[in-house]
Amino acid sequence: MPPTTPVHPWDVTPEEAIAIQQQVRQQIRIEPMPHPAETIAGADISFNKFESTVYAGIVVLRLSDLAVIEEVGVVSETDFPYVPGLLSFREIPSLLKAWEKLTTIPDVVMFDGHGTAHPRRIGIASHAGLWLNRPTFGCGKSVLVGRYHDPAPERGDWSPMMHKGEVVGAALRTKNNVNPVYVSPGHLIDLETAIQLTLQCDGGYRIPEPTRRAHLLVNAIRRGEHPVS
DNA sequence: GCGACAG
DNA sequence: ATCTTGTCGC
């Protein structure tokens with residue numbers, strides 16, 4: 001287990017979760033990636049409303065052509081409810097189980113949610129980055145915190161998301177005349193690189209391929225259309 | 001006090 | 001997040 005791996009329980013109350021976030025947020029490092037990435041993974045979970053069973057999955061893609069290198073999934077249970085700001089406590093435990101099944105370790109991981117664009121600067125992407133001790137960033141479909149001016153309608157344009165005087169992320173246009181996605185660094189990466197990687201994962205859809213593929217995978221697992229070895 | 005609020 | 005068909009617009 002890497003020395004930077006934060007050891008704390010996941011089976012906690014929302015109040016304790018916030019205290020844990022305050023404690024480990026100091027370990028998050030927003031800085032350029034050590035080496036250019038060749039592979040990227042998308043992570044996501046799915047579930048049936050009102051049920052505690054969650055279907056988690058991770059898809060690893062080769063950045064050069066976005067080909068799928070590997071995909072893993074697990075069926076797990078969660079007690080932690082969805083609480084804005086505490087998403088990591090509901091999703092990370094299951095994602096860590098999926099991560100252990102990977103035989104390929106991706107250079108960077110994209111999460112469906114935020115990194116620093118979080119009230120305490122420790123969204124799911126940042127928190128997971130600490131546990132994985134790997135570059136991570138978030139690419140969400142809506143805003144949790146932060147204000148921004150609409151970026152131009154052309155793919156590639158973006159504008160900074162501001163929160164309490166800080167640039168916490170970017171509203172990025174991944175497709176012409178379509179709502180932007182919200183990118184923010186998680187850990188061991190910077191905003192510029194996260195934006196560049198998101199654009200590099202273009203599959204012609206608003207949602208970048210890693211997250212889109214992970215979403216398709218976990219939904220297939222949930223519907224019993226995909227085996228979970 | 002009121003409204004906002006990732007997935 | 002999930003439940004769901006057609007439909008409006010680029």
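Proteins come first, then strands; the chains are lettered A, B, ... in the order of their sequence lines, and each starts at number 1.
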Go through it in stages, so that I can follow the logic: the residues are H187(A) and W131(A), the test is ring-ring contact (aromatic ring centres under 6.0 Å, His included), and I'd like the CA-CA distance, side-chain angles, deciding distance and then a yes or no. CA-CA 10 Å; H187(A) 184 49; W131(A) 278 77; over 10 Å; no
Separation of [N] [atom2] from [X] [atom1] (nearest whole Å):
X       : N      : atom1 : atom2 : value
R120(A) : dC5(B) : CZ    : C1'   : 12 Å
L95(A)  : dG7(B) : CG    : P     : 14 Å
H163(A) : dA6(B) : NE2   : P     : 13 Å
F89(A)  : dA6(B) : CZ    : P     : 17 Å
F47(A)  : dG7(B) : CZ    : C1'   : 6 Å
Y82(A)  : dA4(B) : OH    : P     : 15 Å
H118(A) : dG7(B) : NE2   : P     : 13 Å
L144(A) : dG3(B) : CG    : C1'   : 15 Å

Judged by atom type as modelled, is there a donor-acceptor pair below 3.5 Å linking the side chain of [X] to the main-chain atoms of [Y]?
X       : Y       : value
H149(A) : P160(A) : no
E70(A)  : T103(A) : yes
R134(A) : V109(A) : no

With a 4.0 Å cut-off on heavy atoms, is [X] in touch with a base, just the backbone sugar-phosphate, or nothing at all?
X       : value
V143(A) : sugar-phosphate
G140(A) : sugar-phosphate
G138(A) : nothing
N176(A) : nothing
I45(A)  : nothing
L86(A)  : base
R222(A) : sugar-phosphate

Between S142(A) and dC5(B), does any side-chain N or O lie under 4.0 Å from OP1 or OP2? no
Can you check whether K141(A) has a side-chain N or O nearer than 4.0 Å to OP1 or OP2 of dG7(B)?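 Looking at the OP1 and OP2 atoms of dG7(B), one of them is under 4.0 Å from a side-chain N or O of K141(A).
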Before giving the answer on salt bridge (charged side-chain N to carboxylate O under 4.0 Å, His left out), spell out for K97(A) and E100(A) the whole-Å C-alpha distance, their side-chain angles and the decisive distance to 0.1 Å. CA-CA 5 Å; K97(A) 292 178 181 175; E100(A) 292 170 5; over 6 Å; no
Taking the side chain as everything from C-beta on, heavy atoms only, tell me whether F137(A) gets closer than 4.5 Å to I40(A).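 With C-beta onward as the side chain, the pair touches.
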Within-4.5 Å side-chain heavy-atom neighbours: H35(A) and D107(A):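 Contact flag for H35(A)/D107(A) side chains = no.
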Pair T211(A)-D112(A), side-chain donor/acceptor within less than 3.5 Å: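 Checked: T211(A)/D112(A) side chains show no N/O donor-acceptor pair below 3.5 Å.
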Would you indicate whether R120(A), at its atom CZ, is surrounded by more than 12 heavy atoms from other residues, nucleotides or ligands within a distance under 6.0 Å? yes
Please list every stem that involves DNA chain C, where a stem is a run of 3 or more consecutive Watson-Crick or G-U wobble pairs with both pairing distances under 3.5 Å. none
Outermost DNA chain C nucleotides near chain A [under 4.0 Å, heavy atoms]: dA1(C) to dC3(C)
Find which nucleotide of DNA chain C each of R223(A) and N177(A) is nearest to by heavy atoms, and output the residue with the more 5' nucleotide.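 Residue closer to the 5' terminus by nearest nucleotide: R223(A).
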Can you list every pair that meets side-chain hydrogen bond (donor to acceptor under 3.5 Å, both in side chains) and has a residue in residues 159-176 of chain A, with sequence neighbours left out? R121(A)-E166(A)
